[in-house]
**Q** 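Here you go, one structure.
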Amino acid sequence: MDRAGTHGGRVAQAAERAAESKAFERAARMGYVASGLLHALIGIIALQIAAGGGGDADSSGAVAALADQPGGIFLIWACFLGCLALALFQATRVFLDSGENRKEVWKKRASDAGSAVVYGAIGVSFGVFALGGSSDSEQSQVTWTGRVLSQPAGQLVVGLAGAVIAGIGVYFIFKGASRRFRKDLGPVPGRTWQRVATVTGIAGFVAKGLSLLILGGLVIAAAVTADPEKSTGLDGALRALHEAPLGWLALGAVGVGLIFYGLYMGFIRARFGKL
């Protein structure tokens with residue numbers, strides 16, 4: 001027990017030193033910039049699809065589009081390293097969360113751990129291309145959904161996963177509409193920055209939530225029909241929206257919203273966000 005306590009104390013001390021490093025903090029904020037850039041690119045591709053063009057409106061399509069730009073590989077490397085730093089930073093917070101209310105402490109730890117996983121996954125999207133590879137987000141999701149469906153109780157697991165994704169989408173919509181995203185920010189100076197934070201936050205979170213809600217619905221449909229081809233990822237979710245009545249208008253609105261979400265993450269959260 002003493003050894004375990006000593007080891008845990010050393011881990012906590014190391015985490016605290018890392019969290020207090022200004023260089024580490026600046027690198028971690030680059031992860032928000034990377035997330036913002038990724039969502040803005042997805043939003044732009046969504047607008048292209050709404051206008052009758054092509055493209056893959058998901059993380060792999062966005063990073064591939066960035067890779068085709070002059071100097072894009074340098075941005076991809078910077079985004080990869082930034083996401084890695086932010087994921088590690090969030091992971092260190094798990095060891096530092098404390099308080100008298102144990103329920104709130106574990107809630108905060110779960111949130112920090114979840115954030116670490118999310119930004120780690122975004123980092124992987126950049127890392128694959130940075131290292132010279134390529135990926136297909138849609139095909140990967142179809143493949144993994146098929147593997148899970150082939151297992152005992154696979155339909156139940158996939159259905160629950162879809163419900164969780166849809167639930168997260170509802171939460172994003174609520175967070176945007178209620179302006180609760182402001183709790184993630186420190187002091188925002190000046191009326192101009194405050195207005196930009198409010199507009200990009202509301203539009204961005206609502207659009208992100210709608211895309212996740214549709215994505216969750218597709219995953220649930222794949223579970224109900226036992227057809228992994230229905231689980232087509234974010235690109236499939238946005239294309240499904242495009243096929244609805246007045247879908248071009250709805251997809252265009254979501255595309256603009258995702259660009260706003262990118263601006264919020266890349267400028268507001270990266271500059272004023274709490275760490």
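All of these numbers come straight from a predicted model, not from anything done at the bench.
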**Q** Below 4.5 Å, heavy atoms only, C-beta onward: do Leu38 and Phe126 meet side chain to side chain?
**A**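 Counting from C-beta outward, Leu38 and Phe126 do come under 4.5 Å.
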**Q** Centre-to-centre under 6.0 Å for Tyr264 and Phe181, is that the case here?
**A**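 Ring centres of Phe181 and Tyr264 closer than 6.0 Å.
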**Q** More than 12 foreign heavy atoms under 6.0 Å from CZ of Phe272: is that the case here?
**A**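 Enclosed: over 12 neighbouring heavy atoms sit under 6.0 Å from CZ of Phe272.
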**Q** Examine distances only and state if a side-chain atom of Ser115 and a backbone atom of Ser111 form a donor-acceptor pair shorter than 3.5 Å.
**A**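 Yes; judged by distance alone, with no hydrogens or angles, the pair exists.
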**Q** Identify, with sequence neighbours excluded, every residue that meets side-chain hydrogen bond (donor to acceptor under 3.5 Å, both in side chains) alongside Thr200.
**A**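 With sequence neighbours excluded, Thr200 shows a side-chain hydrogen bond (donor to acceptor under 3.5 Å, both in side chains) to no residue whatsoever.
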**Q** Let me check something: do Ile202 and Trp193 share a hydrophobic cluster, defined by ILVMFWY side-chain heavy atoms less than 4.5 Å apart, either directly or through other members?
**A**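 Linked within one cluster.
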**Q** Can you see which heavy atom on Cys83 is nearest to which on Ala34, and at what distance?
**A**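 What the structure gives for the nearest pair is SG-CB, 3.5 Å.
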**Q** With the 4.5 Å side-chain cut-off for hydrophobic clustering, are Phe260 and Leu238 part of the same group?
**A**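 Each belongs to a different hydrophobic cluster.
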**Q** Grab the two heavy atoms, one from Gly55 and one from Ile45, that are nearest each other, plus how far apart they are.
**A**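 Result for this residue pair: C-CG2, 3.8 Å.
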**Q** If you apply the rule side chain to side chain contact (heavy atoms under 4.5 Å, CB included), what do you find for Thr198 with Arg179, and how did you get there?
**A** CA-CA 7 Å; Thr198 299; Arg179 305 187 183 188; 3.8 Å; yes
**Q** Is Ser59 close to Ile122 at the side-chain level, that is, under 4.5 Å between some pair of heavy atoms?
**A**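 SC-SC contact between Ile122 and Ser59 ruled out.
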**Q** Provide the closest heavy-atom pair for Ile49 versus Ala57 in the form atom of the first, atom of the second, distance.
**A**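 Scanning both residues, the minimum pair turns out to be CD1-CB, 4.1 Å.
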**Q** Please enumerate all residues that pass side-chain hydrogen bond (donor to acceptor under 3.5 Å, both in side chains) together with Lys175, with sequence neighbours excluded.
**A**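 So Lys175 forms a side-chain hydrogen bond (donor to acceptor under 3.5 Å, both in side chains) with Asp184.
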**Q** Aromatic contact between Phe89 and Tyr119, with the criterion being ring centroids under 6.0 Å apart: yes or no?
**A**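 Centroid separation for Phe89 and Tyr119: 6.0 Å or greater.
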**Q** Any link between Val118 and Ile268 through a network of hydrophobic side chains (Ile, Leu, Val, Met, Phe, Trp, Tyr) touching at under 4.5 Å?
**A**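 They do share one cluster, since a chain of ILVMFWY contacts under 4.5 Å joins Val118 to Ile268.
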**Q** Find the distance between CG (Leu258) and CG (Leu210) and round it off to the nearest 0.5 Å.
**A**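 The CG atom of Leu258 sits 9.0 Å away from the CG atom of Leu210.
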**Q** Take Tyr261 and Met265 through the side chain to side chain contact (heavy atoms under 4.5 Å, CB included) test and state the conclusion after the steps.
**A** CA-CA 6 Å; Tyr261 185 77; Met265 293 298 295; 3.7 Å; yes
**Q** At what distance, to the nearest 0.5 angstrom, does OG of Ser178 lie from NZ of Lys183?
**A**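 Separation between the atoms: 8.0 Å.
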**Q** Take Leu212 and Phe172 through the side chain to side chain contact (heavy atoms under 4.5 Å, CB included) test and state the conclusion after the steps.
**A** CA-CA 9 Å; Leu212 289 174; Phe172 265 76; 4.1 Å; yes
**Q** Please round to the nearest 0.5 Å and tell me the distance separating atom CD1 of Ile76 and atom CG of Leu81.
**A**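 Atom-to-atom, Ile76:CD1 and Leu81:CG are 12.0 Å apart.
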**Q** Rounded to the nearest 0.5 Å, what's the gap from CG on Leu251 to CG on Leu246? Could you check?
**A**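 Taking CG in Leu251 and CG in Leu246, the distance rounds to 12.5 Å.
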**Q** Once rounded to the nearest 0.5 Å, what's the spacing between atom CG of Leu215 and atom CG of Leu241?
**A**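 Atom-to-atom, Leu215:CG and Leu241:CG are 12.5 Å apart.
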**Q** Provide the closest heavy-atom pair for His39 versus Lys208 in the form atom of the first, atom of the second, distance.
**A**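 That closest heavy-atom pairing would be NE2-NZ, 2.7 Å.
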**Q** Can you measure from CD1 (Ile165) to CD1 (Ile214) and round to the nearest 0.5 angstrom?
**A**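 Rounded to the nearest 0.5 Å, the CD1-CD1 separation comes out at 13.0 Å.
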**Q** Classify the side-chain pair Ser35/Arg269 by whether it contains a donor and acceptor separated by less than 3.5 Å.
**A**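 No - no donor-acceptor pair under 3.5 Å links their side chains.
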**Q** Kindly assign one of parallel, tilted or perpendicular to the pair Phe80 and Trp77, based on the angle between their ring planes and the thresholds 30° and 60°.
**A**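 Taking Trp77 first and then Phe80, their aromatic rings stand perpendicular (interplane angle over 60°).
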**Q** Please find the pair of heavy atoms, one from Ala91 and one from Ala116, that lie closest to each other, and give the distance.
**A**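 Minimum heavy-atom separation between Ala91 and Ala116: N-CB, 4.0 Å.
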**Q** Does a side-chain heavy-atom distance below 4.5 Å link Tyr32 with Leu86?
**A**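 Tyr32 vs Leu86: side chains touch.
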**Q** With side chains defined as the heavy atoms from C-beta onward, is the minimum distance between Asp227 and Lys230 less than 4.5 Å?
**A**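 Yes, their side chains come closer than 4.5 Å.
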**Q** Check Val219 against Val158 and note the closest heavy-atom contact, atom names and distance.
**A**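 Between these two residues, the closest heavy atoms are CG1-O, 3.4 Å.
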**Q** Using the rule that Ile, Leu, Val, Met, Phe, Trp and Tyr join whenever any side-chain heavy atoms are under 4.5 Å apart, tell me whether Phe129 and Leu75 fall into a single cluster.
**A**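 Same hydrophobic cluster.
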**Q** Does Ala113 offer a backbone N or O that forms a donor-acceptor pair with the side chain of Gln90 under 3.5 Å?
**A**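 No: the side chain of Gln90 does not pair with the backbone of Ala113.
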**Q** Check step by step if side chain to side chain contact (heavy atoms under 4.5 Å, CB included) holds for Lys274 and Leu185.
**A** CA-CA 5 Å; Lys274 296 176 182 177; Leu185 306 176; 5.8 Å; no
**Q** Check whether any side-chain N or O of Gln155 sits under 3.5 Å from a backbone N or O of Ala223 as a donor-acceptor pair, and report yes or no.
**A**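 Flag set: sc Gln155 to bb Ala223 pair under 3.5 Å.
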**Q** Hey, any chance Leu156 and Leu218 share a hydrophobic cluster, counting ILVMFWY side chains that come within less than 4.5 Å of each other, even indirectly?
**A**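 Not linked; separate clusters.
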**Q** With heavy-atom distances below 4.5 Å as the criterion, would you say the side chains of Cys79 and Leu37 are in contact?
**A**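 Yes, side chains in contact.
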**Q** Taking the basic N atoms (NZ, or NE/NH1/NH2) and the acidic carboxylate oxygens, is any pair closer than 4.0 Å for Arg239 and Glu243?
**A**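 Salt bridge between Arg239 and Glu243, a charged N being under 4.0 Å from a carboxylate O: no.
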